[in-house]
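Here's the structure, in structure tokens; my notes come after.
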Amino acid sequence: MGKIYKSASEALDGILFDGMSIASGGFGLCGIPENSINAIKESGVKNLTVASNNAGVDDFGLGILLQTKQVKKMISSYVGENAEFMRQYLGGELELEFNPQGTLAERMRAGGAGIPGFYTKTGVGTVIAEGKEHKEFGGDMYILETGLVMDLSIVKAWKGDEAGNLIYNKTARNFNPNAATCGKICIAEVEELVPVGQLDPDHIHTPGIFVNRIFMGSHEKRIENRTISER
Amino acid sequence: MGKIYKSASEALDGILFDGMSIASGGFGLCGIPENSINAIKESGVKNLTVASNNAGVDDFGLGILLQTKQVKKMISSYVGENAEFMRQYLGGELELEFNPQGTLAERMRAGGAGIPGFYTKTGVGTVIAEGKEHKEFGGDMYILETGLVMDLSIVKAWKGDEAGNLIYNKTARNFNPNAATCGKICIAEVEELVPVGQLDPDHIHTPGIFVNRIFMGSHEKRIENRTISER
Amino acid sequence: MWDRNQMASRAALELADGMYVNLGIGIPTLVSNYIPEGIDVTLQSENGMLGMGPFPTEERIDPDLINAGKQTITELERTSYFSSADSFSMIRGGHIDMAILGAMEVSEKGDLANWMIPGKLVKGMGGAMDLVAGVKRVIVIMDHTNKSGDSKILKECTLPLTGKSVVHQIITNLCVFNVKQDGLEIIEYADGVDRKKIEEATEAKILN
Amino acid sequence: MWDRNQMASRAALELADGMYVNLGIGIPTLVSNYIPEGIDVTLQSENGMLGMGPFPTEERIDPDLINAGKQTITELERTSYFSSADSFSMIRGGHIDMAILGAMEVSEKGDLANWMIPGKLVKGMGGAMDLVAGVKRVIVIMDHTNKSGDSKILKECTLPLTGKSVVHQIITNLCVFNVKQDGLEIIEYADGVDRKKIEEATEAKILN
């Protein structure tokens, strides 16, 4: 069906441009599109605006695009694990738009669903609400948040098929299904690429319509916070 | 975990009251909560406001609550298959609020997601937009639709477990996952009730948190429009 | 003049490889019988299915597997299922390439009326308002005139609208129109139909 | 005075059978170690999991299975996974019964500040703003005073807020407060703590 590419760099060919906006799936280092991020670094594209819950760590995930200063602005809810991020931000080299985590996820979903704005109670009475339209519903105050539509979304799934259908594994799902919908183009990387008919239609998390290009990658899947119990 | 009930009437015990609002899953006669609908009929509760994409047929599904005049108002997108509905509506005995199908589904999702209002392009320039707030985003006009929060939601799934986790089958999923989230109480009926651990956590469509009571029912699953091909 | 099947087969020529398409109830459903060789199209059904297959044989009928017209259908290898809210996220979000719909009236501005006749027919809009608002390209297939011979292609619609300025192309039993900024452009004549016949059957402004 | 574990175990007494609960990073995480016998609680993790299990043994570590603190965890028989948007639908939609969170400051009105110190600490709010806005009951666990001995329970928060009038109960190393309309009510003293000690450590208005 013409969606299959051999590698991240092939899948990204002709799509990247300076100043573009990118939505990325992943939470912490879990379920991040490692290969696409690496290929974006290699491409040298710059002045990126990236919407992603986190910014990776200094030498892995989106952190590597901060090292190379390819990112102009991050839209994130939590960047506490990234020292380089903090340095660039406090030094005024990097723009940062904090979004509450649920607001960020819903903004991606809304953008993908043709919803340009929605009201939420999250952030009312905080700096997040400053400059945003307020409106009362049923006696409570809400603020207007906008849908995010990005030039590109990059996501990582466990299995994918030739039609672009995706299945995620456990908490590696996180922002991926939402990010997948809000890019004008979506590139998915998977651990296993299978022919159509191999995935149960009731188990598919992201229908193929959202995925323009798909490739199989190898994934380090680094663990950020290895916590074990004795038994 | 205390969510399991023996029958629809047991599951509905103490929940129904005159004038209440109910969201129902189902599309046409596919994936409708047959047993809960029957039990609501038996209860004799009246003046109901029911949000459901369709209104069943005269002698099956929500149509039976119209026959008994237990419904005061329907919120639906399409009621073309129900002659009794049409008769009551044109005779002024029944209120009807038409919602575009996608707007109805999104209103249920929004209500369940704590979103009291969202903007959509659907219905702009039509009677649906009359009296609704208009707002421009990016040069296009949108209207404000509100989230639906109902007193009760009734849904039908294929399999469910003791924790209330639900899995739907094929297009019998339809409005069920959305309706499940927007009721203050949600009652689910399933074809098969299994112990926890039997459903793959990655395959669950409705997490148990949304389901307050669950029971196993027998389902006629009537076919509305039997269409076959020769081969 | 074209019959239903000829109209459907003409509409099928608008399909391109890889498209995601939603077909309305009635003549639009027939379009799936005429998808050209070498063109792979994925059909969406707004009740929550992508990759709709043909009608089933008697033995394969499944009450849990229907399309938006409530007809029993089958799945394909590529099929996925999802909720109604997710289905309309696809539609409203502009992910569907084309919708082919029936109509009662279309105006020269591309306004569409296909969901109610006040006082007479009150079935509801179903997913039609969402489809015309969200899908990238909307094609209408319908007879050029109604049973009384009145034009269904008007300067202004008289019936309640489904959407304003939403139709891109109209395929009738007489011709194919593209909807342009200031009127309709004939791009193809049905067999044995001339310009005069179209003019007589059309209230809307024809540009060429 | 209570230590971290005693504060966590006190918070665990607020749990009731059948509750869905979200535990913040830090001391709140310890609450799961003290869930009373006979009380069945389902833990939600905002990165997309309901039914969070304990930390894994070395052999069972799975990089695809972490909690909101990015710690490796395990699943239970009842577990379900879902997207971030669906996770916050649960949270924002009022389906979670209780959130137990850490804090930097709490005001007598129940205002909470726990996400940033301007110019010094810029990590972000993560899911905290969504949790306090949407969850039915919000309990804060924290030390009563900071390292310099200044009260963290104030008339007005000095740091940027996470939410306004959102905290229902505060559990500190000194006592348990319920947040009332017009101030804080002491409902329990930690071992060996008297009224005077609490007063000295509290800037906020104490009602009783």
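In what follows, every chain begins at residue 1, and chains take the letters A, B, ... in the order their sequences are listed.
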Next on the checklist: Could you check whether D:K123 makes a cation-pi contact with A:Y78, meaning its NZ or CZ is under 6.0 Å from the centre of the six-membered ring and within 45° of the ring axis?
Outcome noted: no
Checklist outcome for this item: If you tally heavy-atom pairs under 4.5 Å between each of D:K164, D:R60, D:M125 and chain A, the highest tally belongs to D:M125
Next on the checklist: Is D:E46 close to chain A through its backbone or its side chain, or both, or neither, when contacts mean heavy atoms under 4.5 Å?
Outcome noted: both
Checklist outcome for this item: CG (D:D62) and NZ (A:K170) are apart, to the nearest 0.5 Å, by 5.0 Å
Checklist entry - Within the distance-only criterion (no hydrogens, no angle test), does the side chain of D:S83 pair as donor or acceptor with the backbone N or O of A:P177 below 3.5 angstrom? => result no
Checklist entry - With no hydrogens and no angle check, do the side chains of A:N174 and D:N47 hold a donor and an acceptor under 3.5 Å apart? => result no
Item to check | A:N225 CG to D:K70 NZ distance, which is reported to the nearest 0.5 Å | outcome: 9.0 Å
Next on the checklist: Is D:S80 close to chain A through its backbone or its side chain, or both, or neither, when contacts mean heavy atoms under 4.5 Å?
Outcome noted: neither
Next on the checklist: Are A:F98 and D:M116 packed together at the side-chain level, in the sense that at least one heavy-atom pair is separated by less than 4.5 angstrom?
Outcome noted: no
Checklist entry - Which region of D:N67, side chain (C-beta onward) or backbone (N, CA, C, O), has a non-hydrogen atom less than 4.5 Å from a non-hydrogen atom of chain A, or is it both or neither? => result backbone
Checklist entry - Checking D:R92 side chain against A:K121 main chain: does a donor-acceptor pair fall under 3.5 Å? => result no
Checklist entry - Going through the distances and angles, do A:F27 and D:I66 end up as a side chain to side chain contact (heavy atoms under 4.5 Å, CB included)? => result CA-CA 9 Å; A:F27 181 92; D:I66 66 169; 4.0 Å; yes
Checklist entry - Heavy-atom distance under 4.5 Å to chain A: side chain of D:S87, backbone, both or neither? => result neither
Checklist entry - So, the side chain of A:R173 versus the backbone of D:Y81: is there a donor-acceptor pair under 3.5 Å, distance only? => result yes
Next on the checklist: Using only atom types and a distance under 3.5 Å, with no angle test, would you say the side chain of A:T171 pairs donor to acceptor with the backbone of D:D64?
Outcome noted: yes
Next on the checklist: Report which part of D:I61 has an atom under 4.5 Å of a heavy atom belonging to chain A: side chain, backbone, both, or neither.
Outcome noted: side chain
